[in-house]
Amino acid sequence: MTGPLVPFREIVLKVHSRCDLACDHCYIYEHADQSWRTRPKTISDEAISWTARRLAEHASAHALDSMSVILHGGEPLLAGPAQLRRVCEELTSAMNGVAELDLRIHTNGVQLSPRYLDLFDEFHVRVGISLDGDRTANDRHRRFANGRTSHPQVLRAVDLLRQERYRHLDLGLLCTIDIRNDPVAVFDALAELEPPRVDFLLPHATWDEPPLRPDGSLTAYADWLLAVFDRWQEQDPEHRLPVRLFSSVLSTLSGGPSLTESLGLAPTDLVVVETDGQLEQVDSLKSAYEGAAATGFDVYSHSFDDVAAHPGVRARQLGLAGVSETCRRCPVVRSCGGGLYTHRYSSATDFDNPSVYCHDLEALVRGIEARTAHLTVPPAVTDPQELAAEQQDLTRTLLAGLHSELDGRGGARWDEAWELAAVLESSEEGASALDRVLAHPYTRTWLLDAIEGLHAGRPGAVDDALRFPAYAAAAAVRAGLPLAAQVPYRDGRLYLPTLGELRTGGAGQAGTVRVCATDDGFLVRPDGGGAEWRIVTDSPGDEPDWLPVRLLRQDRTPPFVLDDLDPYRDCFGAPAAPRLGQAEAEAWGAGLAEAWGLLEASAPATAAAAGAGLTTLTPLTAGRSEERRPGHGAIGLPVTGDTQELALGLMRGLRRTTLRAILDITDLYASDGAWEHRLPWSEELVPFSRLLADTYERVAIAAFDPRYMEGVEQALDMIGTAAEPTVAGRRLVGVLTEEMKETRDKWAE
């Protein structure tokens, strides 16, 4: 197995190998591996010291900022306060100045007392307690050897942790599922104790020793958990009890990471130190077979890196490549991760299997998705107006980010523009004008370019950021407010976004001017004196010094802006064309009107969406260039009289700008590139992002040209059964499927 070692960030330290309970579902004592019988009851001082040394050594070698140590057993409290103090002192001393130490202990709670908690408070040891629910549920397994209940003692331990002086040590409750228990009663009993978190754990099982299924249902555990989920959702969202299993599924459904080892594809970063100093893999492997967790290493002679290089550990660090082929083809594998590694075991095929809980995990993920999709999918995924509003919010967020990034480097010029924007925001007409200027698509291109330049320390990055005064000045002019702004210009040109370009001097000339609104336009006065310019913003065409941004005024099209001036418009896959002459612009506009007529006739829904989503058209020349990020609502089109080409360009441009805008505000997929998909129309192998983008375009174009229907339904099927889509992605696929159905019906008539 190749690839860099994944360092351990979590150490399970067995401080005692025996237990004061006789839980019949315990993987330590009741399952296949019985190595506990040959191990010392309590960890030795020598093993503690070597563990501390290895811990610091590992953190230092990998420059880790923190490591977690979980004191475990058996029952770790049986080690006694004195030995637990020695453990805490040794580990804390070794890690001092190396990395932050996160100490935890997992206990059944029976022995917990103020004496222990005062010790844990001294060393910041957080406490997790095992409790399977109400007394009926807990007594099913968690009893003393003589059959006596442990429930009252555990509740006393929980009550101790809830005291104000110990509450900060409370890590939460761990509940092992038994489907014979009432799920709602179990959850209510746990929630009543107000823990900071609950972990629900599937009982350890393998294909050789499958889990209990009294009625034979393959989804009995999912049904149980979904009943808990339904009860969980009834809680007030602001005070809802955190449940790690549910949070993990919701995270992965939205494109985020797994939050628990039992689900997801994150590599293992855990090693176990037994009471005799033996170094082992994750404890749950003891459920598979005798010696499954063994590595042959110990803390006296081996480093944690030796364990990290062990083939068994590396097998659990392969992510998607480490699951079975069945799991790789499953659409919920990002959420379930193939299940806990131990639960995949069979003596016939080792760990190369789906989880023995496979059907449960799939039903659980799909059940949570079905129950929450309406809450987790942003309306902007399907609503153009919501999308535009989200984009406006994002632009303002980027502008605030640029302001923060400059951190005073913009000087008085930036500060004056920032104050001007604040004044504009204080009036209805000023705020509306500022919104309009910031909504200009190439504002986004400028912001991203400026922020990237500042991050990279690019020469001239601050000067690039100082284009903001031009945006503030343009808004003041649009609002018709008598507010002056000092605006820099470059290369003899002053560009005011959404308004136009003023020739202020010759090539290479730079300086600043004062811009102030007038009744019918604005006045430009050079700093230092000289000739002034009085610009009328409604002027119909080019003047010697003033080139206005034009509207494509055609009866049959929406009022698109023709922007062939903005210095940030050169952000498409072909270079932006230079300024079009008036006759050329009118001819191009006439061609666009004809193309728009074709769209309205053949694909009215798409044309309506374009009318709502597109604002700005930029003419392009032939050739290719590096594409930068155009803002929402802008597309580039070739300067051509070919009506068909323009119609297809409009449709493609609409879909591209819309898909980019959706991806700005939500994740439609995750793990892009982990799988390859064959495009039905070209047989090319591509990542999911390309499959989705191409399909998204072709669905729209198929309404205009039936030849593009080929392969689309097959592609939609591929997307629908792929593992990459998030909940929002699947919602979008549903919309595309409906679009395609309408197109198919249309061409069938």
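Since the model is a prediction, treat every value here as computed from it, not as a measurement.
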So how far is it from [X] [atom1] to [Y] [atom2], rounded to the nearest 0.5 Å?
X      : Y      : atom1 : atom2 : value
Asp672 : Phe688 : CG    : CZ    : 8.0 Å
Ser432 : Arg478 : OG    : CZ    : 10.0 Å
Arg655 : Ile701 : CZ    : CD1   : 9.0 Å
Leu552 : Thr616 : CG    : OG1   : 10.0 Å
Arg744 : Met709 : CZ    : CE    : 7.0 Å
Arg334 : Leu253 : CZ    : CG    : 7.5 Å

Please tell me whether Asp745 and Thr743 have a donor and an acceptor in their side chains that are separated by less than 3.5 angstrom.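 No, no side-chain donor-acceptor pair sits under 3.5 Å.
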Can we say [X] and [Y] salt-bridge, meaning some charged N sits less than 4.0 Å from an Asp/Glu carboxylate O?
X      : Y      : result
Arg690 : Glu684 : yes
Arg569 : Glu501 : no
Glu416 : Arg514 : yes
Asp520 : Arg534 : no
Lys741 : Glu713 : no

Within 45 degrees of the ring normal and closer than 6.0 Å to the centroid, is that where the cationic atom of Arg503 sits relative to Trp546?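 Not flagged: Arg503 not positioned over aromatic ring of Trp546.
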For the aromatic rings, using the six-membered ring if either is Trp, is the centroid distance between Phe522 and Trp533 under 6.0 Å? no
Looking only at atom types and distance, does a side-chain atom of [X] sit under 3.5 Å from a main-chain N or O of [Y], one as donor and one as acceptor?
X      : Y      : result
Asp642 : Glu645 : yes
Thr443 : Val437 : yes
Asp491 : Gly508 : yes
Thr657 : Leu654 : no
Trp747 : Ala702 : yes
Thr252 : Val249 : yes
Thr621 : Ala577 : no
Thr695 : Leu691 : yes
Asp667 : Tyr669 : no

Would you sort out whether Gln509 and Arg493 count as a side-chain hydrogen bond (donor to acceptor under 3.5 Å, both in side chains), showing the intermediate values? CA-CA 8 Å; Gln509 187 176 344; Arg493 299 181 179 189; over 6 Å; no
Check side-chain contact (heavy atoms from CB on, under 4.5 Å) between Asp415 and all other residues, then give those that pass, not counting sequence neighbours.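 With sequence neighbours excluded, Asp415 shows a side-chain contact (heavy atoms from CB on, under 4.5 Å) to no residue whatsoever.
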With a 4.5 Å limit on heavy-atom distance, are the side chains of [X] and [Y] in contact?
X      : Y      : answer
Pro331 : Glu724 : no
Asp566 : Thr618 : no
His677 : Leu685 : no
Trp675 : Val333 : yes
Trp681 : Asp694 : yes
Leu499 : Val477 : yes
Pro638 : Pro619 : no
Trp418 : Leu406 : no

Using the rule given for salt bridge (charged side-chain N to carboxylate O under 4.0 Å, His left out), can you reason through Asp664 versus Arg660, listing the C-alpha separation, both sets of side-chain angles and the distance that settles it, and then say yes or no? CA-CA 6 Å; Asp664 279 340; Arg660 279 193 299 258; over 6 Å; no
Do the rings of Tyr471 and Trp446 sit parallel, tilted or perpendicular, given the 30° and 60° boundaries?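 The rings of Tyr471 and Trp446 lie parallel, inter-plane angle below 30°.
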Once you measure the plane-to-plane angle for His403 and Trp414, does it fall in the parallel (<30°), tilted (30-60°) or perpendicular (>60°) bin?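 Judged by the thresholds at 30° and 60°, the geometry between His403 and Trp414 is parallel.
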For residues 462-470, run the donor-acceptor check on the side chains, cut-off 3.5 Å, and write out each pair with its distance to 0.1 Å, sequence neighbours left out.
residue	atom	partner	partner atom	Å
Asp464	OD1	Arg490	NH1	3.3
Asp464	OD1	Arg490	NH2	3.3
Arg467	NE	Tyr568	OH	3.4

Side chain to side chain contact (heavy atoms under 4.5 Å, CB included) with Tyr442: which of Asp563, Asp570, Asp449?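 Result for side chain to side chain contact (heavy atoms under 4.5 Å, CB included) with Tyr442: Asp563.
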Over all atoms of both residues, closest heavy-atom pair of Pro680 and Gly711: CG-O, 3.5 Å
